[in-house]
Amino acid sequence: MNTALPGTPLHVGLFATCPVDLLRPSVGFATAKLLEQAGCRVSVPPQSCCGQVAFNNGDPDATRKLAWRIVKDFEPFDYIVLPSGSCSGMIRLHYPALFRDDPRFDRVNRFCSKVYELTTFLAEVIDYRPAAPNCNLAQRNITYHDSCAGLRELNIRDQPRQLLKQCAGVDVTEMRDTEACCGFGGTFCVKFPAVSNRMVADKVDNARDAGADLLLGGDLSCLLNIAGKIQRQQNESPQLSKVQVRHVAEVLAGDLDAPAIGEGAEAQIPHE
Amino acid sequence: MSSVQPYVPNKDFIYRAADALADSHLQQALAKAGRGFVDKRSAAVTRVPNFEAMRDRARAVRQKALQDLDIYLLHFEKKVTEAGGQVHWAETPAQMREIVLQLCARHSATRVTKGKSMVGEEVYLNEALEKAGITPFETDLGEYILQLAKEPPSHIVAPALHKTRAQIQDLFLHHHALGERDLSAVEAIVDEARQVIRDRFLRADIGITGANLLIAETGTVAIATNEGNGDLTATLPRAHIVTTTIDRVVPTWEDASAILRVLARSATGQQTTTYTSFFTGARGDTDKDGPEAFHVVLLDNRRSQLLGSEYQEMLHCIRCGACMNHCPVYQAVGGHTYDSVYPGPMGAVLTPLLRHRDGDYQLPNASTFCGRCESVCPVKIPLPDLMRKLRNREQQEARFKGAGYWITKVFCALAASPRLYRALTSIGTKLAAALGARRGRFSKLPLLGGWTAHRDFPAPQGGSFQSQWRRNGKAQPPVGACPAGD
Ligand code: SF4
């Protein structure tokens with residue numbers, strides 16, 4: 001589906017999401033690069049949070065306020081694209097519910113139907129196929145973490161795998177229990193640290209058991225959790241195999257100059 | 001003694017979870033059971049052409065039943081009465097205990113056999129019976145094990161799921177005076193249980209069972225089991241008492257079959273349970289066996305308050321246990337951590353709604369909202385949504401707001417002005433990046449102790465995305481390799 005007139009590029013509003021905006025801008029730039037390669041015009045209006053934290057912690061009023069800001073600031077665009085399944089799910093599924101009994105419902109609903117998670121947008125909306133792969137990681141053993149909201153709210157599973165094949169020559173090695181949560185869960189990971197730790201430890205074990213040296217995913221918050229666990233384990237037991245963690249957008253765009261998540265400038269390992 | 005304890009939100013759950021995570025027997029039992037349930041369900045649902053349609057149908061049946069619950073319940077009562085049975089209404093757990101005790105007295109019972117009944121557990125029926133001098137014999141293997149161990153169930157389908165085979169073996173050797181014997185095989189344990197329990201069926205005055213469904217059309221009680229103990233409990237003694245709740249009713253047999261079709265597949269991955277038994281009324285003149293008296297005790301215990309509320313969908317639950325089998329939190333900490341007859345996601349919603357005990361709101365908080373429960377629930381209950389509503393209700397009722405509440409409030413106020421947010425976060429992320437640049441991560445952070453207790457926190461690359469974008473104006477590689485500046 002392409003709604004723009006022939007010759008006019010689609011104008012996409014990039015909503016980076018808090019974790020990318022604050023912690024890993026390289027994912028935002030990789031997202032923009034992919035969208036531009038796909039022929040879109042990209043804008044980044046001033047932005048903050050989609051409201052998910054407030055929503056999940058029992059504050060619908062504060063959520064509605066943030067949601068309405070985003071609707072107003074982003075509705076001029078043809079599409080709104082986020083490098084996150086979780087925040088896209090929040091907008092697409094939960095905004096309409098939040099405004100169900102509100103006169104603004106129709107406007108919110110119209111807005112939400114233009115909101116897409118990055119890999120879904122690339123694979124399904126504009127059928128992005130790069131002229132040449134942006135990088136070649138065929139030599140790496142790559143596994144993929146399906147973040148929960150993306151997987152179950154938006155059915156994101158095949159899209160990133162298909163794009164990885166096209167953009168980076170990658171065949172994903174599946175780990176055990178790909179459907180299981182990594183234990184991040186927003187404030188859950190600090191409210192219930194021991195349970196969260198157990199979940200992320202299981203996830204990391206599964207990635208190592210699959211022989212992965214690079215774990216990718218579409219949601220930075222889960223990846224921070226997983227990378228943080230891997231690195232703590234490696235500190236404590238240096239003999240453990242090294243697993244790097246990156247957002248899928250960085251690999252798709254071939255933007256691998258920034259150190260992998262949680263790695264300092266000094267710890268850079270050269271990549272192919 | 002007046003020592004000031006620091007306020008720890010969710011502390012009961014956290015402490016119980018810590019114990020559970022450190023309990024190697026429990027962890028062994030959970031690891032063994034968990035994957036089995038998941039794999040079996042997944043195989044079962046792929047064997048049918050359209051499990052999704054079966055879920056939709058089951059959901060529609062539950063909706064229909066709850067829509068006119070009063071009508072179906074009254075019809076059920078009428079039909080039970082016509083079949084020579086009797087329906088009793090209990091608003092509270094205390095009333096249910098009272099009614100059951102009166103029935104025991106009426107039938108001069110001193111020994112009762114019991115099939116698995118979560119409602120019996122909900123109202124602490126065994127304790128009440130024992131206090132009245134009546135011996136309850138559990139006949140479901142899992143419940144029997146727990147009776148020996150004096151423990152509550154930890155799973156609604158497999159009540160003794162938290163016990164390892166070795167622990168069960170020890171319990172049997174200790175409680176059954178049967179001399180030297182080898183119980184190292186599961187079959188040996190099951191055989192011994194059968195032998196011990198069988199004798200009790202024959203000596204019982206009353207049999208008490210739960211119910212999976214109540215079929216209004218004919219006043220029939222449906223029970224699904226895998227051990228056949230339900231049948232013996234229901235038919236051998238002089239009287240059969242069914243302890244169940246008002247939300248179990250469905251209008252017709254056709255509706256019952258729509259539920260049974262998804263129940264076993266979701267619970268144990270079976271097409272159907274080994275025994276699905278239907279009981280209608282007391283023994284008739286021409287019947288060769290069956291109880292002389294048939295009683296159905298219907299408990300409300302706040303369920304009717306959920307009708308027409310934003311929580312009504314919770315009453316769809318058919319108690320299959322799939323949500324807990326697929327829940328990463330339940331799988332990590334087991335059922336006892338929920339401190340309720342109803343654990344896992346369904347319990348995290350139901351317990352605060354039915355029990356109203358201090359601390360019950362911790363349960364819906366102990367979820368990552370990963371949504372796996374909802375994706376497997378055979379009647380499509382939006383469990384994460386309902387937990388979220390409970391978190392909202394907790395906030396509304398709270399007299400003291402915790403630190404988390406205020407942090408969220410301040411964050412939201414800031415986020416409501418994107419330009420101010422952009423300016424502040426740009427400075428903040430640069431500062432944090434400068435501190436964490438060398439290693440790329442922090443192993444300790446203020447306010448994030450819960451995170452850094454177990455994992456490092458990746459340092460920001462430096463400068464927010466939007467501020468860099470604004471400066472650079474277009475997509476270009478970030479300054480990630482130089483984490484401190486932009
Ligand atoms: S909530 Fe759904 S999945 Fe959980 S026990 Fe009830 S019916 Fe089964």
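Keep in mind that what you see is a predicted model, and the values were worked out from it rather than measured. Each chain gets a letter, A, B and so on, in the order the sequences are listed, and its residues count up from 1.
Considering all non-hydrogen atoms of both residues, B:Arg391 and A:Asn56 come closest at NH1-O, 2.8 Å. In terms of heavy-atom proximity, A:Ser26 sits nearest to B:Gln461 at OG-NE2, 2.7 Å. The minimum heavy-atom distance between B:Pro418 and A:Pro46, with the atom names listed, is CB-C, 3.7 Å. Pairing each heavy atom of B:Cys412 with each of A:Leu66, the nearest pair is O-CD2, 3.8 Å. Closest non-hydrogen pair, A:Val42 versus B:Trp469, comes out as O-CZ2, 3.8 Å.
B:Gln362 touches chain A through its backbone: at least one of N, CA, C or O sits under 4.5 Å from a heavy atom, while the side chain does not. In this structure, the portion of A:Val200 lying under 4.5 Å from any heavy atom of chain B is its side chain and not its backbone. Looking at A:Pro19, there are no atoms closer than 4.5 Å to chain B (heavy atoms on both sides), in backbone or side chain. Only the side chain of A:Arg152 comes within contact range of chain B, judged by heavy atoms closer than 4.5 Å. With a 4.5 Å cut-off on non-hydrogen atoms, B:Gln466 touches chain A through its backbone and its side chain both. Contact annotation for A:Thr63: neither backbone nor side-chain heavy atoms come within less than 4.5 Å of a heavy atom of chain B. For B:Ala453, the part sitting under 4.5 Å from any heavy atom of chain A is the backbone (N, CA, C, O) and nothing else. Both the backbone and the side chain of A:Ala180 come within less than 4.5 Å of a heavy atom in chain B. Contacts of A:Arg41 with chain B are absent, with no heavy-atom separation under 4.5 Å from either backbone or side chain. In this structure, no portion of B:Arg393 lies under 4.5 Å from any heavy atom of chain A. For B:Lys389, no part lies near chain A; criterion is any non-hydrogen pair under 4.5 Å. If you measure heavy-atom distances from A:Leu14 to chain B, the contacts under 4.5 Å come from the side chain alone.
Counting heavy atoms from C-beta on, the side chains of B:Val333 and A:Phe192 never come closer than 4.5 Å. For the pair B:Val329/A:Met199, a side-chain contact is recorded, criterion being any heavy-atom separation below 4.5 Å from C-beta on. Taking the side chain as every heavy atom from C-beta outward, B:Phe411 and A:Cys18 approach each other to under 4.5 Å. Taking the side chain as every heavy atom from C-beta outward, B:Tyr421 and A:Leu22 approach each other to under 4.5 Å. At a threshold of 4.5 Å between non-hydrogen side-chain atoms, the residues A:Asp59 and B:Thr408 do not count as touching. Annotation: side chain of B:Arg422 is not in contact with side chain of A:Asp21 (no heavy-atom distance under 4.5 Å). Taking 4.5 Å as the limit, every side-chain heavy atom of A:Cys148 sits out of range of all side-chain heavy atoms of B:Phe369. When side chains are defined from C-beta on, A:Glu179 does not count as touching B:Val376, because their heavy atoms never get closer than 4.5 Å.
A donor and an acceptor atom, one from each side chain of B:Arg455 and A:Asn225, are located under 3.5 Å apart.
Interface check for chain A: of the options B:Ala413, B:Ala415, B:Gly371, B:Ala20, the most heavy-atom pairs under 4.5 Å are formed by B:Ala415. Between chain B and the residues A:Asn57, A:Val245, A:Asn235, the most heavy-atom pairs under 4.5 angstrom are made by A:Asn235. No other option in B:Ser443, B:Ala432, B:Gly449, B:Cys327 has as many heavy-atom pairs under 4.5 Å with chain A as B:Ser443. Residue with the most contacts toward chain B among A:Ile70, A:Val53, A:Asp177: A:Asp177 (heavy-atom pairs, distance under 4.5 Å). Between chain A and the options B:Asp456, B:Asn392, B:Leu390, the largest number of non-hydrogen pairs under 4.5 Å is found for B:Asp456. Counting heavy-atom pairs closer than 4.5 Å to chain A, the top-ranked of the candidates B:Ser367, B:Ala459, B:Pro384 is B:Ser367. Across B:Ala332, B:Cys370, B:Ala416, B:Ser375, the residue that shares the most heavy-atom pairs under 4.5 angstrom with chain A is B:Cys370.
In this structure, B:Thr368 contributes its side chain and A:Gly185 its backbone to no donor-acceptor pair below 3.5 Å. Between the side chain of A:Gln231 and the main chain of B:Arg441, no donor-acceptor pair closer than 3.5 Å is present. Side chain of A:Arg232 to backbone of B:Thr452: a donor-acceptor contact under 3.5 angstrom is found.
Expressed to the nearest 0.5 Å, how far SG of A:Cys189 lies from CG of B:Leu448 amounts to 8.0 Å. One finds the NE2 atom of B:His454 at 8.0 Å from the OG atom of A:Ser196 (value rounded to the nearest 0.5 Å).
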- Can you check side-chain contact (heavy atoms from CB on, under 4.5 Å) on A:His94 and B:Asp385, steps first, answer last? CA-CA 10 Å; A:His94 299 296; B:Asp385 269 345; 3.9 Å; yes
- Message: I'd like to know whether B:Trp451 forms a side-chain contact (heavy atoms from CB on, under 4.5 Å) with A:Leu224, so could you lay out the CA-CA distance, the side-chain angles of the two residues, the decisive distance to 0.1 Å, and finally the verdict.
- Response: CA-CA 11 Å; B:Trp451 180 294; A:Leu224 295 167; 4.0 Å; yes
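Counting heavy atoms of neighbouring residues, nucleotides and ligands inside a 6.0 Å radius, atom NZ of A:Lys65 does not exceed 12 of them.
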